[in-house]
Amino acid sequence: MFHCRLVNPVHHDPALLLSLPQLAQRWLLDCGDLHALSLHELLQIDTVFVSHAHIDHWIGLDALMRAQLFGDRPLRVLGPKGILDMLAGRLAGYAWNLVSRSQFVVEGYEWTGTVWKSRHFPCSHRFVGREAASGLPALENWSLRWVELEHGVPCLGYRLESPISFRFREECPYPPGPWIATLKARMVAGTLEGTLLVAGEERPLSELRQWVRALPPEQLAYVTDTRLDPGTRARIVEAFGPTRVLWCEAAFLESQRALAESKLHSTATEAALLACELECERLQLFHLSRRTQGQADQHLREARQIFQETYIDQHLSEKR
Ligand SMILES: [Zn+2]
């Protein structure tokens, strides 16, 4: 199970912090104001999925870089068409003459519409970008899907799926050892012929597999700043397929549909329809318009008329 939480209240800048299980590592979906994060949390973030470059989704990058400037782990930034030049422009906006010994590198990845183009920006070279091989970075065996959204600027929605995880059964009569890791790898590969050495004896994989239970992967979709008309929803469903948890913007209420259309945002009703179409188990609404500040319950009620398992993370103070 992974854990995720909004960094800010639902009417403020989007930034969804995803903690990876068993790893001292966190990912961010969007990078709005990050002042609510501790230095420790900022240091653990190594990947940022940016939906688009509007300032409320992107302004936190400076705080992140400030925290990580002398780290030795790259910061990976994925985003839509144009993100590499915006990253270059952002990095060119500071003087870097006294930090040339830092090993820190920002790795940018841009979806051009056909390929993930990459450029690396090493601190030791004053963050001047160098083209890198195309393709996505390895994402700790998570799989990534993405879709282009309708927001008047290049904008991506993301879907992350965790790798299969395993639980070792405590009632197993054999002592733990390297055989467990080998068995898990063989289960992932689907090759269960042969034997493994367990406590000095060769035992068939087909017997050993009963002591390790495979847990189903988790899926998380993140969709924000888009119209969610039927055509756009159909494209998202085609790109993502069934997904357990959907984090979706619901900037407006259905009574404000005209406003949603003019601002290229969505309504709570549209978010709920998307959750139904993605066969979700849970819908988390966020990025509500400041025009509806204090009315989060209305968004919730509206969405629940269509999709009962809808929630809004309201534990954060609305006063900020
Ligand atoms: Zn936007």
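Values in this document were obtained by computation on a predicted structure and should not be read as measured data. Read the numbers this way: they start at 1 and go in the same order the structure lists the ligands and their atoms.
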Asker: Could you list the residues that satisfy salt bridge (Lys or Arg N to Asp or Glu O under 4.0 Å) with Glu170, not counting sequence neighbours?
Answerer: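 For Glu170, no residue satisfies salt bridge (Lys or Arg N to Asp or Glu O under 4.0 Å) once neighbours in sequence are set aside.
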Asker: With sequence neighbours excluded, what pairs up with Thr47 under the side chain to side chain donor-acceptor pair (under 3.5 Å) test?
Answerer: Trp27, Arg76
Asker: Would you say the side-chain atoms of Asp33 and His35 include a donor-acceptor pair closer than 3.5 Å?
Answerer: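 There is such a pair between these side chains.
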Asker: Using 4.0 Å as the upper bound for N to carboxylate O, is an ion pair formed by Arg235 and Asp229?
Answerer: no
Asker: Listing by chain and number, what protein N/O/S atoms are under 2.8 Å from the Zn ion (ligand 1)?
Answerer: His52 NE2, His54 ND1, His151 NE2, Asp225 OD2
Asker: List for me each residue that meets side chain to side chain donor-acceptor pair (under 3.5 Å) alongside Tyr94, sequence neighbours excluded, and say none if there are none.
Answerer: Asp62
Asker: Between Phe49, Trp247, Phe240, which is the residue that forms a ring-ring contact (aromatic ring centres under 6.0 Å, His included) with Tyr158?
Answerer: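 Answer to the ring-ring contact (aromatic ring centres under 6.0 Å, His included) test with Tyr158 among Phe49, Trp247, Phe240: Phe49.
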